Amino acid sequence: MTMTLVPAPWLDLPADHPFGIDNLPYGVFSTATRGPRVAVRVGDRVLDAGACAEQAGMESGEVWLAPTLNPFLAQGRQAWAAARAFLQEQLTDELYRDAVEPFLVPLGEVRLHLPFEVADYVDFYASEHHATNIGRLFRPDSEPLTPNWKHLPIGYHGRAGTVVVSGTDVIRPQGQRRAPGEAAPVFGPSVRLDIEAELGFVVGDRTRLGERVDVDRADDHLFGVVLLNDWSARDIQAWEYVPLGPFLGKSFATSISPWVVTMDALAEARVDLPGQDPEPLGYLRGAHAPYGLDVHYEVELNGTVVSRPEYRDLYWSPAQMLAHLTVNGASLRPGDLFGSGTISGAAKQTRGSLLELSWNGAEPLTLEDGTTRSFLEDGDQVTLRAWAPGPAGARVGLGEVTGTIVPAH
Ligand code: MN
């Protein structure tokens with residue numbers, strides 16, 4: 001376990017704050033007079049990172065004056081490490097008070113934007129428990145896991161342009177659905193709107209067409225994580241997904257948290273995977289054992305915590321997902337985003353979707369206001385929150401992602 005850094009006393013920042021010096025996540029903020037430009041969260045304040053770097057004469061920090069993280073993501077692993085060292089020095093040494101303090105803004109005074117322009121968006125399916133549950137519910141007459149599931153991290157390409165920042169309302173999608181026992185579909189608003197609690201991985205640096213990212217080199221491209229809610233219309237999905245996979249049942253909106261927590265900040269959260277049997281093919285095995293992440297989630301629906309998923313239950317590692325994504329030579333761009341898939345564990349209270357929690361409506365959830373839910377109603381608000389272990393027993397906060405359902409229009 002590494003030592004925690006001590007914030008400069010003038011910051012008045014407790015060493016165990018979930019957004020302390022060991023975290024320093026990146027986002028994009030604006031106020032009436034500044035931005036939008038890159039922000040770094042420091043406790044309950046936001047650092048105008050570009051202005052701070054300019055003042056300090058840190059030239060590579062010019063990219064922080066941009067309205068998205070993409071130019072910074074393009075700089076690559078060495079620049080990310082240098083940036084982190086710069087920020088930690090500025091925030092721990094008493095010497096820099098005058099250079100930093102003018103560029104700190106209380107969180108309550110800023111608007112937070114989508115932190116990066118999403119290049120390509122892929123969603124994986126890396127939880128064995130989730131895949132098994134979905135198999136049982138969608139294909140009750142066959143084996144719950146498809147024959148490929150333990151040989152490759154299954155994924156599909158989603159819609160990058162409809163990834164939205166936390167707080168954005170989610171419009172109930174309309175589409176085709178076919179009721180059980182009916183021959184023909186009907187058109188209308190989804191009546192089975194659901195969530196998927198996921199972790200999103202933010203990719204930086206670039207690769208050439210035809211280049212593969214080896215599983216041992218994946219960390220060069222894994223910049224950080226966001227909380228991700230893959231809103232899903234189960235009725236639209238069930239009718240459309242055979243044989244090419246999810247399409248309109250998921251492409252209407254995907255919400256992410258405003259703060260990108262870096263992989264460097266999650267160094268203490270690395271854990272072994274639950275175990276892979278059979279052994280995957282060579283390109284998914286590296287020189288080092290693949291790692292998972294110890295991230296603890298809360299899923300809150302209208303103020304009631306309905307689930308506590310654990311990211312460490314996932315079968316495939318983020319490096320394996322990235323190696324698989326590029327094994328055919330597909331190139332990476334700064335701002336690529338991939339979701340882990342719904343995070344579900346063996347226990348019912350760790351399932352990451354309402355479909356699984358209510359077992360397709362057979363076991364509705366009772367909320368603290370006395371109402372019941374199997375799927376989402378108009379006006380419902382869903383919030384995912386998460387944290388991971390940091391140095392010296394402190395917590396690294398991942399913040400939250402929230403969204404409210406508004407009626408179809
Ligand atoms: Mn998903």
Side-chain angles (χ1 to χ4, degrees), residues 73 77 118-131 134 145-146 148-158 160 163 196-207 211-228 230 245-246 250 254 256 260-263 266 269-276 278-295 297 309-344 352 386 388 398:
L73 295 173
R77 163 71 46 210
V118 181
D120 283 297
Y121 167 49
V122 165
D123 197 23
F124 282 98
Y125 195 48
S127 159
E128 181 176 358
H129 299 289
H130 174 70
I134 296 298
L145 285 186
T146 50
N148 56 0
W149 200 90
K150 290 199 168 179
H151 295 281
L152 55 86
I154 293 178
Y156 67 93
H157 276 92
V163 176
E196 293 193 339
E198 305 193 17
L199 194 61
F201 291 87
V202 183
V203 171
D205 211 344
R206 187 177 286 280
T207 61
E211 181 181 352
R212 293 188 250 177
V213 175
D214 185 88
V215 71
D216 288 319
R217 273 187 49 223
D219 285 336
D220 289 347
H221 293 277
L222 292 171
F223 173 75
V225 301
V226 288
L227 303 184
L228 187 151
D230 174 22
K250 286 167 175 287
T254 305
I256 61 170
V260 183
V261 173
T262 64
M263 297 307 288
L266 293 173
R270 292 188 180 199
V271 289
D272 291 338
L273 298 178
Q276 298 183 328
E279 188 176 60
L281 289 172
Y283 77 92
L284 294 168
R285 297 194 314 263
H288 317 289
Y291 63 89
L293 291 168
D294 188 18
V295 181
Y297 276 71
E310 296 285 346
Y311 189 85
R312 66 183 303 152
D313 287 335
L314 263 56
Y315 189 87
W316 295 104
S317 79
Q320 289 174 320
M321 289 188 255
L322 193 64
H324 186 65
L325 197 160
T326 61
V327 74
N328 65 346
S331 49
L332 296 175
R333 292 184 289 171
D336 280 355
L337 170 69
F338 66 91
S340 60
T342 309
I343 306 160
S344 292
L398 278 76

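Just so we're clear, the structure is a prediction, and the values are computed from it rather than from any experiment.
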Practice task
Check for a donor-acceptor pair, side chain of Glu196 on one end and backbone N or O of Thr342 on the other, with a separation under 3.5 Å.
Solution key: no
Exercise for the section: Taking the side chain as every heavy atom from C-beta outward, state whether Asp123 and Thr254 have any pair of such atoms under 4.5 Å apart. Expected result: no
Handout entry: Enclosure of Arg217 CZ (heavy-atom neighbours >12, cutoff 6.0 Å)
Key = yes
Fill in the blank from the handout: Heavy-atom closest pair (Thr207 atom, Val213 atom, distance to 0.1 Å) is CG2-CG2, 3.8 Å
Completion exercise
Nearest heavy-atom approach of Leu284 to Val215 is O-CG2, 4.3 Å
Handout entry: Inter-residue atom distance Leu325.CG - Phe124.CZ, 0.5 Å rounding
Key = 4.5 Å
Exercise for the section: For the pair Phe201 and Phe338, name the ring-plane relationship: parallel under 30°, tilted 30 to 60°, perpendicular over 60°. Expected result: parallel
Completion exercise
Paired with Leu199, the side-chain contact (heavy atoms from CB on, under 4.5 Å) test is passed by just one of Leu293, Leu314, Leu228, namely Leu293
Exercise for the section: Report yes if the side chains of Asp219 and Tyr291 come closer than 4.5 Å at any heavy-atom pair, otherwise no. Expected result: yes
Problem - Arg285 (side chain) donor-acceptor with Glu279 (main chain) under 3.5 angstrom - result: no
Handout entry: Short side-chain to backbone donor-acceptor contact, His221 and Gly204, under 3.5 Å
Key = yes
Exercise for the section: Mark yes or no for whether Arg333, through its side chain, and Val203, through its backbone, hold a donor-acceptor pair below 3.5 Å. Expected result: no
Fill in the blank from the handout: Rounded to the nearest 0.5 angstrom, the OG1-CD distance for Thr326 and Glu211 is 8.5 Å
Exercise for the section: Of all the heavy-atom pairs spanning Glu310 and Ile343, show the shortest one and how long it is. Expected result: O-CG2, 3.4 Å
Problem - His324 and Tyr283 side chains, donor-acceptor separation under 3.5 Å - result: yes
Practice task
Taking Asp294 for its side chain and Ala269 for its backbone only, find out whether a donor-acceptor pair lies under 3.5 Å.
Solution key: no
Handout entry: Min side-chain heavy-atom separation Asp216-His288 under 4.5 Å
Key = yes
Exercise for the section: Look up atom OG in Ser317 and atom CZ in Arg270, then write down how far apart they are to the nearest 0.5 Å. Expected result: 10.0 Å
Practice task
Indicate yes or no: at least one non-hydrogen side-chain atom of Thr146 is less than 4.5 angstrom from one of Ile154.
Solution key: yes
Practice task
Identify the heavy atoms of Val295 and Ala386 that sit nearest to each other, and give their distance.
Solution key: CG1-CB, 3.8 Å
Completion exercise
Tyr311 and Met321 have their tightest heavy-atom pair at OH-CE, 3.8 Å
Practice task
Evaluate the side-chain proximity of Phe223 to Pro334: yes if any heavy-atom separation is below 4.5 Å, no if none is.
Solution key: no
Exercise for the section: Specify the closest pair of heavy atoms between Leu273 and Pro290, including all atoms of both residues, with the distance to one decimal. Expected result: CD1-CG, 3.6 Å
Exercise for the section: For the residue pair His130 and Tyr125, categorise the inter-ring angle as parallel (less than 30°), tilted (30 to 60°) or perpendicular (more than 60°). Expected result: perpendicular
Handout entry: Polar side-chain atom of Ser127 near backbone of Ser344 as donor-acceptor pair, under 3.5 Å
Key = yes
Exercise for the section: Using the salt bridge (Lys or Arg N to Asp or Glu O under 4.0 Å) rule, collect all pairs that involve residues 198-207, keeping only residues at least two apart or in two chains. Expected result: none
Practice task
Inspect the contact between Asp230 and Lys250 and indicate whether a charged nitrogen and a carboxylate oxygen are less than 4.0 angstrom apart.
Solution key: yes
